[in-house]
Protein chains: 2
Amino acid sequence: MVTLAEVAQHAGVSASTVSYVLSGKRSISATTRQRVERSIRELGYHPNAGARALASSRSNVIALMVPLRTDMYVPVMMEIAIAVATTARTHGYDVLLLTGEEGPDAVRRVAGSGLADGMILMDVELDDERLPLLRESAQPAVLIGLPADTTGLTCVDLDFRATGALCVEHLAGLGHRDVAVIGEAPAVYERHTGFAERTLDGLRSAARETGLRLLHRPCEGGYDATAVTVARILDERPDTTGFVVQNEAAVEPLLALLRQQGRAVPEDVSVVAVCPEQVAVQASVRLTSVSLPAQEMGRHAVEQLVAKLDGRGGDEVVLLPPELTVRASSGPAPVR
Amino acid sequence: MVTLAEVAQHAGVSASTVSYVLSGKRSISATTRQRVERSIRELGYHPNAGARALASSRSNVIALMVPLRTDMYVPVMMEIAIAVATTARTHGYDVLLLTGEEGPDAVRRVAGSGLADGMILMDVELDDERLPLLRESAQPAVLIGLPADTTGLTCVDLDFRATGALCVEHLAGLGHRDVAVIGEAPAVYERHTGFAERTLDGLRSAARETGLRLLHRPCEGGYDATAVTVARILDERPDTTGFVVQNEAAVEPLLALLRQQGRAVPEDVSVVAVCPEQVAVQASVRLTSVSLPAQEMGRHAVEQLVAKLDGRGGDEVVLLPPELTVRASSGPAPVR
DNA sequence: CTCCCCCGTCGAAGCGCTTCGACTGTCTGG
DNA sequence: CCAGACAGTCGAAGCGCTTCGACGGGGGAG
């Protein structure tokens with residue numbers, strides 16, 4: 001284990017000089033800097049993270065709290081996590097992975113122990129129990145997702161309201177008059193996950209504006225549950241020609257069911273999905289979709305947090321604009 | 001920020017006593033312990049991680065290196081990562097998330113800086129470039145996946161050879177004589193990812209023993225690529241009545257194709273998948289499958305690593321036994 | 001009754017780094 | 001030609017914790 005002192009001795013300078021070379025907080029002559037850098041390389045020196053954290057009271061670590069639940073959007077979570085980790089590295093931070101398991105305690109532990117300089121919370125619920133703690137501990141934090149009350153908080157999320165609107169507008173523009181929404185599992189709505197409700201909002205208000213008839217049904221996902229949901233929808237609204245799906249696990253079953261009933265996509269029925277791009281592209285029909293910009297969200301979250309840690313930038317809500325990509329699953333409404 | 005010294009003062013004892021209460025490394029009288037614990041609670045004390053790491057040269061952090069690539073088994077990776085994080089917590093460790101991006105450098109950085117006490121590497125390739133470094137740095141580590149040379153390394157993985165064998169034996173037992181394997185993308189085989197080759201091994205040797213005819217074809221996944229692969233297979237071996245699929249992205253397309261061709265599952269054709277349980281259950285036919293025990297792997301990896309860090313246990317290769325679950329996609333071979 | 005040992009506690013010495021103040025020159029402007 | 005500014009370097013004081021050796025006192029063994 002090579003130490004700063006050894007590097008200093010090897011380079012013939014004092015320890016503080018080496019420290020300043022490393023941090024750049026004071027000017028150093030070119031020759032000294034080179035000598036020091038050479039010694040660092042030759043000795044294979046790596047600063048000790050603990051000592052650094054102790055002396056500077058900055059750990060250069062960002063905590064990322066991921067949900068324990070794995071019933072939703074797992075690949076998206078993963079993609080966000082990876083984006084967070086790689087973006088953090090470009091800013092000189094490492095990422096500590098916390099699971100939701102510990103819940104609010106994790107916030108206390110991290111804030112108290114100086115393990116991390118700030119945290120990013122994923123899967124934030126409308127009235128998340130971690131928020132009060134976050135506010136009172138003055139822990140620099142960024143949320144991915146949107147709680148009910150955002151005062152004093154920094155949040156990053158997809159603009160789900162606009163997403164819903166975009167889907168309806170797309171279908172309305174193609175002449176569809178009766179559209180059904182296959183939503184997330186009922187539990188997701190009961191949990192008051194913000195994004196599901198905001199999407200619904202957007203869908204409904206756009207439907208109102210375009211004079212579209214909209215029917216929303218939560219759906220557990222999986223083949224059987226989707227079959228039941230679709231049957232009910234078609235029973236209630238036989239003229240339905242457009243589907244908006246916001247539930248990965250219902251996408252493929254829906255397509256299979258339509259196929260089975262002899263309804264051609266997109267000739268008879270159009271389908272628009274809100275889902276990760278991968279799902280849209282890999283489905284048995286290439287889906288017109290609004291994708292979840294996972295990487296963007298991760299990147300933005302880190303950048304907001306780093307800005308905070310540097311004393312730049314304040315509380316802010318960043319809503320990323322949705323983008324609808326037209327693929328093979330949507331087309332003009334059939335003429336009756 | 002409450003410190004040890006403040007707790008000590010509040011409790012009327014010396015700092016070292018508080019430290020010993022916390023670590024349990026020396027015996028403490030019951031009354032003193034209670035006084036100290038009370039002070040800790042009242043002041044809301046949390047030990048400073050940096051100081052602790054510096055003084056003890058143990059960070060109580062485990063580094064987890066996940067692949068940057070997101071083309072494979074993403075939910076499984078996530079599940080492993082979460083299992084690692086939660087298991088680590090039960091042993092008093094936190095988890096640092098490293099992406100493959102930094103590659104071997106990350107190993108050097110973590111080992112050198114004392115950021116983590118040990119590491120877990122996922123997605124290990126047969127001749128992984130991180131391995132030499134790992135060996136020479138004497139960094140306590142556990143691999144998830146199996147490299148070509150395991151000397152001096154601790155590894156945890158599913159027994160993919162047995163997995164392959166299990167699939168073939170299941171189909172052979174049902175009377176199937178011609179079985180096709182739809183494998184991972186060609187790139188996976190070119191990359192010499194161990195698990196793909198070991199599965200193939202198991203499949204082949206079991207086929208030999210049971211006198212089964214086996215045809216293996218890599219497949220990119222997705223609807224179109226799978227269609228091409230399946231067409232070729234049925235062209236070459238029209239009598240194929242069994243499929244083994246080891247590629248999440250080919251599962252649903254395969255089922256759709258079979259349905260489309262009027263081949264009923266499982267009456268005409270049996271399908272066995274090697275995939276995460278979620279995929280098997282959510283598919284449009286509930287799939288007979290060997291699932292990847294993600295949680296198990298994560299848990300085992302952490303436990304092996306913790307054992308190492310405690311000076312217990314040495315190098316070892318743990319292969320978890322596969323379990324085949326019979327669901328609705330496999331049945332007796334049709335009589336000709 | 002004495003010796004020794006162990007239990008419970010304390011004080012002090014670091015762990016490796018950052019950072020502040022101080023010092024020495026060198027340069028610039030008046 | 002001198003005051004002041006500034007670049008470049010050093011020494012020393014911690015940051016909050018662990019851990020080692022030491023010490024007093026009570027109990028068991030001889």
Side-chain angles (χ1 to χ4, degrees), chain A residues 1-37 39-40 43-61 92 94 109-117 309, chain B residues 1-37 39-40 43-61 92 94 109-117 309:
Chain A
M1 184 93 292
V2 189
T3 71
L4 226 211
E6 293 172 314
V7 173
Q9 195 180 357
H10 185 271
V13 297
S14 76
S16 46
T17 301
V18 176
S19 177
Y20 286 123
V21 167
L22 252 27
S23 69
K25 293 195 178 173
R26 285 201 182 172
S27 51
I28 298 285
S29 71
T31 61
T32 304
R33 156 172 294 111
Q34 280 160 18
R35 268 222 314 291
V36 170
E37 282 168 350
S39 297
I40 288 179
L43 300 180
Y45 169 70
H46 283 273
N48 178 294
R52 196 168 246 195
L54 177 56
S56 65
S57 39
R58 309 274 266 79
S59 61
N60 279 288
V61 167
D94 273 292
R109 198 166 58 85
V110 168
S113 66
L115 248 180
D117 297 331
L309 295 176
Chain B
M1 183 91 294
V2 189
T3 71
L4 225 211
E6 293 172 314
V7 173
Q9 196 180 354
H10 185 272
V13 297
S14 77
S16 45
T17 301
V18 176
S19 177
Y20 286 123
V21 168
L22 253 27
S23 69
K25 293 196 178 171
R26 286 203 184 173
S27 50
I28 298 284
S29 70
T31 63
T32 305
R33 157 172 294 112
Q34 279 160 19
R35 268 222 313 294
V36 169
E37 282 167 351
S39 299
I40 288 178
L43 301 180
Y45 168 71
H46 283 272
N48 179 293
R52 194 168 248 193
L54 177 56
S56 65
S57 40
R58 308 271 269 77
S59 62
N60 280 288
V61 168
D94 272 293
R109 198 166 59 84
V110 168
S113 67
L115 249 180
D117 297 331
L309 294 176

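Computed from heavy atoms alone, side chains included, the values below leave out hydrogens, waters and symmetry copies. In the text below, chain A, chain B and the rest are named by the order of the sequence lines, each starting its count at 1. Predicted model, so just to flag it, every value in this text is computed and none were measured.
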Query raised in the report: Does R26(A) get its side chain close enough to the base of dT19(C), under 3.5 Å, for a donor-acceptor pair?
Result: no
Query raised in the report: Side-chain N or O of R52(B) less than 4.0 angstrom from OP1 or OP2 on dT18(D)?
Result: yes
Query raised in the report: Between dC10(C) and S14(B), is there an OP1 or OP2 to side-chain N/O distance shorter than 4.0 Å?
Result: yes
Report task. For T17(B) and for A51(B), find the nucleotide of DNA chain C with the closest heavy atom, then tell me which residue's nucleotide is more 5'. Result -> T17(B)
Query raised in the report: Closer than 4.0 Å, any side-chain N/O of Y20(B) to the OP1 or OP2 of dC17(D)?
Result: no
Requested in this report: For N60(A) and dT18(C), give me the distance from atom CG to atom P, rounded to whole Å.
Outcome: 10 Å
**Report entry** Most 5' of G50(A) and V18(B) on DNA chain C, judged by nearest nucleotide
**Finding:** V18(B)
Query raised in the report: Does any N or O in the side chain of Q34(B) come within less than 3.5 Å of the main-chain N or O of T31(B), such that one atom is a donor and the other an acceptor?
Result: no
Query raised in the report: Is there a donor and acceptor pair closer than 3.5 Å between the side chain of S16(B) and the base of dG11(C)?
Result: yes
Query raised in the report: Is a side-chain donor or acceptor of D94(A) paired with a backbone partner of V61(A) at a separation under 3.5 angstrom?
Result: no
Query raised in the report: Rounding to a whole Å, what distance do you find between Q9(A):CD and dG16(C):P?
Result: 14 Å
Query raised in the report: Do S59(B) side-chain atoms and L115(B) backbone N/O form a donor-acceptor pair below 3.5 Å?
Result: yes
**Report entry** Rounded distance in Å - CE (M1(B)) to C1' (dG16(D))
**Finding:** 10 Å
Query - From L22(B) atom CG to I40(B) atom CD1, the distance as rounded to the nearest 0.5 Å - result: 4.5 Å
Query raised in the report: Does S39(A) use its side chain to pair, donor to acceptor, with the backbone of R35(A) at less than 3.5 Å?
Result: yes
Query raised in the report: Hey, is the side chain of S29(A) poking within less than 4.0 Å of OP1 or OP2 on dT9(D), counting only N and O atoms?
Result: yes
Query raised in the report: Rounding to a whole Å, what distance do you find between L43(A):CG and dG16(C):P?
Result: 15 Å
Report task. Would you mind reading off the distance between L4(B) atom CG and dT18(D) atom P, rounded to a whole angstrom? Result -> 6 Å
Report summary line: When S56(B) and L54(A) are each assigned the nearest nucleotide of DNA chain D, the 5'-most assignment goes to L54(A)
Query raised in the report: Counting N and O atoms only, with roles assigned by atom type, does the side chain of Q9(B) sit under 3.5 Å from a partner on the main chain of E6(B), one being a donor and the other an acceptor?
Result: no
Requested in this report: Determine the contact category for T32(A): base if any of its heavy atoms lies under 4.0 Å from a base atom, sugar-phosphate if only primed atoms, P, OP1 or OP2 are that close, otherwise nothing.
Outcome: sugar-phosphate
Query raised in the report: Between dC17(C), dT19(D), dA7(D), which one does the side chain of A55(A) approach most closely?
Result: dC17(C)
Requested in this report: Select base, sugar-phosphate, or nothing to describe what I28(A) touches, counting heavy atoms under 4.0 Å on all strands.
Outcome: sugar-phosphate
Query raised in the report: In whole angstrom, what separates N48(A)'s CG from dG16(D)'s P?
Result: 17 Å
Report task. Measure the distance from CZ on R58(A) to P on dC17(C) and round it to the nearest whole Å. Result -> 18 Å
**Report entry** S19(A) vs dC17(C): side-chain N/O to OP1/OP2 distance below 4.0 Å
**Finding:** no
Report task. Write down the distance between CZ (R33(A)) and C1' (dA7(D)), rounded to a whole number of angstrom. Result -> 12 Å
Report task. Please determine if a side-chain N or O atom of K25(A) lies less than 4.0 Å away from the OP1 or OP2 oxygen of dT18(C). Result -> no
